[in-house]
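Have a look at the structure below before the remarks.
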There are 2 protein chains.
Amino acid sequence: MVTIKDVAKHAGVAFKTVARVVNNDPTVKPENREKVLRSVEALGYRPNRAAQMTRRKKSGVIGFIADELLRIPYTFDLIRGAQEMAWKHNRELMVLNINEHKYSLEAAVDHLFQHRVEGIIYASMYHRQVSLPDSLTQIPTVLANCYTSCGRFATVVPDEELAGEQIVGAMLDKGYRRIAFLNLDERIIAAQGRKAGAIRAFEKRGESLQNLHIESVIVEQDGQLISRARLAACEVIKQFKPDAILCGQDPMAMEIYFVLQSLGLKVGEDIGIGSFDNWDLIPELLQPSLTTMALPHYEMGRWAFNYLLDERTDVVASKLPFRLISRGSL
Amino acid sequence: MVTIKDVAKHAGVAFKTVARVVNNDPTVKPENREKVLRSVEALGYRPNRAAQMTRRKKSGVIGFIADELLRIPYTFDLIRGAQEMAWKHNRELMVLNINEHKYSLEAAVDHLFQHRVEGIIYASMYHRQVSLPDSLTQIPTVLANCYTSCGRFATVVPDEELAGEQIVGAMLDKGYRRIAFLNLDERIIAAQGRKAGAIRAFEKRGESLQNLHIESVIVEQDGQLISRARLAACEVIKQFKPDAILCGQDPMAMEIYFVLQSLGLKVGEDIGIGSFDNWDLIPELLQPSLTTMALPHYEMGRWAFNYLLDERTDVVASKLPFRLISRGSL
DNA sequence: CTGAAAGCGCTTACAG
DNA sequence: CTGAAAGCGCTTACAG
């Protein structure tokens with residue numbers, strides 16, 4: 001590979017001058033700069049990042065540990081958000097996927113330490129509590145889409161409660177009066193927050209809570225998710241008679257569309273449907289297309305990166321809002 | 001940060017001895033090895049990868065360039081496949097997402113060269129032709145899920161034709177006789193191959209091609225994908241009267257399920273449904289669940305990495321088979 | 001089995 | 001504005 005010395009010889013200057021040009025040091029005679037630039041071009045020189053890192057004693061690398069417990073399409077936006085910031089600020093993002101079988105979290109952290117990362121983003125694929133090794137306290141660390149019980153790390157998570165309030169508020173504002181919320185498992189933090197938000201929306205508007213039915217229809221049993229969404233929808237329609245249904249996630253909404261079609265009910269006309277996630281193609285593919293609360297994964301990725309970039313050390317718990325995407329189902 | 005010299009002082013040996021222990025050089029007295037290991041543990045020493053790379057003149061890094069034209073959930077398996085191999089062989093995988101707006105391909109390649117990558121995997125998110133800068137010929141490069149017209153690079157792609165033959169063959173073997181294939185845009189290589197495979201399945205079994213209807217129902221117009229899947233399904237059911245429908249992708253199959261339900265037809269009983277992709281949750285969420293051909297993204301990621309690992313230079317065009325996932329719809 | 005010297009490709013710190 | 005020297009934390013090559 002061509003080095004700084006090769007370029008120097010080719011350009012007829014000292015290798016230090018080449019280093020100056022490559023690092024945009026302004027104190028180089030324009031004439032020499034030109035010469036060097038031409039040689040760089042001619043030889044195809046590119047600085048050796050490993051050597052730079054060694055000498056500078058700064059890696060410029062931020063580690064990103066992603067747990068792969070679930071495979072949810074939009075979660076990749078967390079990585080994307082961080083990566084775009086990294087690119088913009090000329091930093092490296094070193095992404096490591098961990099999962100129980102293949103790599104331990106410890107091994108991932110060790111790996112990142114070997115690369116002398118200047119900060120670590122630990123991101124969970126769904127909003128939940130995690131527990132992390134103590135070694136992470138040695139280095140600036142942010143948690144994205146998750147939190148620890150110890151409370152020693154800065155975190156950024158979706159504002160579940162606000163999301164619940166917003167979507168239910170939007171439904172009420174559209175004139176829907178009787179809302180059935182088919183929620184996720186209430187042991188999940190998301191389900192708790194959204195439930196509280198839904199109730200708050202009713203209370204703020206002085207609506208009677210008699211007109212709000214909340215029920216968990218996806219529950220975890222023995223490590224498996226069991227959905228009784230279709231059955232629950234049938235029952236709730238018959239007994240509670242909602243004029244709108246709020247679904248805990250878009251895939252569930254898809255199932256509800258099937259139920260409604262089988263009952264001869266038209267979404268957006270006979271009954272309104274709202275949901276959470278903005279899950280891949282599903283919202284656009286349904287007819288009518290699905291109004292849903294998009295998770296702020298991209299924004300969380302950015303937030304986490306910027307926290308590290310700004311060299312912050314405050315232990316904040318930042319909550320980012322969802323984005324209401326209005327389509328035809330409400 | 002603690003260095004090899006700190007450890008040496010702490011252990012009372014020469015720093016070279018520490019290096020030997022860290023690199024598992026067997027020619028170290030067990031006694032000294034113990035001493036060093038204890039000091040490594042006590043001081044929390046971890047080798048500095050940048051310094052190792054600099055001196056070894058080997059980066060151990062493989063670059064992975066991912067085009068993000070589309071956001072298809074399972075495409076992440078391409079990265080996963082490569083990453084797991086990298087981990088296993090103690091290599092680094094440096095993943096760079098490119099997209100038209102943010103980073104140019106050139107910039108990504110330049111970035112990878114700065115890191116002295118020992119090989120590059122260029123992966124496309126859907127099977128298509130790409131064009132790549134000449135600079136990539138300077139370094140071992142494999143294309144995954146894509147190919148160039150120049151034919152200078154090794155490639156690994158899904159075997160579209162075999163997939164078409166397998167799924168249609170499976171349908172025929174189950175006793176379905178009249179099959180409507182609602183294909184993707186035929187300008188897409190996947191659609192071409194699958195069509196040829198479907199025809200071959202009929203021919204191999206001596207079935208009349210009168211009983212195979214193939215039609216493209218998702219087409220690109222002005223850069224936008226237009227799906228007329230629902231309409232086309234209605235028409236084809238009325239006119240061609242198939243006993244099974246093969247869908248070009250799982251999201252389309254979902255739409256067809258809605259159509260069939262509205263027509264009072266039961267999937268798996270009145271009519272069989274097959275599909276391609278194994279797209280995220282969709283196949284499992286449909287009732288009955290969807291039989292589909294899973295794309296070999298994970299396998300392509302592994303294949304590409306192994307090609308580079310084995311230091312191959314042959315310009316092969318490897319085709320990997322899909323996996324038939326049998327569920328309730330056939 | 002161990003160690004002192006030289007060197008990887010850069011940057012830092014300093015002299016001119 | 002330019003350059004020679006020293007050094008980053010390791011590995012290589014060699015001597016003992």
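All chains are named by letter (A, B, ...) in the order of the sequence lines, taking the proteins before the strands, and each is independently numbered beginning at 1.
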Side-chain ion pair, A:E160 and A:K319, N-O less than 4.0 Å: no

Length of the CE-P vector between A:M53 and C:dC8, whole Å: 20 Å

Scan A:A51 against the nucleic acid and name what it touches under 4.0 Å (heavy atoms): base, sugar-phosphate only, or nothing. base

Using a cut-off of strictly less than 4.0 Å, decide whether B:N23 has a side-chain nitrogen or oxygen near OP1 or OP2 of D:dT11. yes

Selected nucleotide, minimal atom distance to B:A19 side chain, candidates D:dC10, D:dT11, C:dC10: D:dT11

Check this for me, if you would: do A:K9 and A:D6 make a salt bridge, where the nitrogen-to-carboxylate-oxygen distance has to be below 4.0 angstrom? no

Between P of D:dT11 and CZ of B:R56, the distance in whole Å: 5 Å

Closest of D:dG9, D:dG3, D:dT12 to the B:T54 side chain is D:dG9

When the distance from OH of A:Y45 to P of C:dG9 is rounded to whole Å, what number comes out? 10 Å

Salt bridge flag under 4.0 Å for residues A:R312 and A:D310: no

Report which part of the nucleic acid B:T27 touches: base, sugar-phosphate, or nothing (heavy-atom distance under 4.0 Å, all strands). base

On a plain distance test, is the side chain of A:R20 in donor-acceptor contact with the base of D:dG3 below 3.5 Å? yes

Select base, sugar-phosphate, or nothing to describe what B:K16 touches, counting heavy atoms under 4.0 Å on all strands. base

When you check the phosphate oxygens OP1 and OP2 of D:dG3, does a side-chain N or O of A:T17 lie under 4.0 Å from one of them? yes

Between A:R116 (CZ) and D:dG9 (P), how many Å, whole number? 9 Å

Any A:K57 side-chain nitrogen or oxygen under 4.0 Å from OP1 or OP2 of D:dG9: yes

Between the side chains of B:D67 and B:R128, is the shortest nitrogen-to-carboxylate-oxygen separation below 4.0 Å, so that they form an ion pair? yes

Tell me the interatomic distance from B:I4, atom CD1, to C:dA4, atom P, rounded to whole angstroms. 14 Å

Using purine N1 to pyrimidine N3 plus N6-O4 or O6-N4 for Watson-Crick, or N1-O2 and O6-N3 for G-U wobble, both under 3.5 Å, which nucleotide pairs with D:dA15? C:dT2

Listed nucleotide nearest any side-chain atom of A:F15, set D:dC10, C:dG3, C:dC10: C:dC10

Measure from CZ on B:R49 to P on D:dC8 and round the result to the nearest Å. 22 Å

Quick one: B:D25 CG to C:dT2 C1', roughly how many Å, whole number? 11 Å

Over 12 foreign heavy atoms within 6.0 Å of CZ, B:R323: no

Atom-to-atom span, CG of A:D6 to P of C:dC8 - whole angstrom: 11 Å

Any side-chain N or O of A:Q52 less than 4.0 Å from the OP1 or OP2 oxygen of C:dT11? yes

Inspect the contact between A:R152 and A:D134 and indicate whether a charged nitrogen and a carboxylate oxygen are less than 4.0 angstrom apart. yes

Does a nitrogen or oxygen in the side chain of B:R55 sit under 4.0 Å from OP1 or OP2 of C:dG7? no

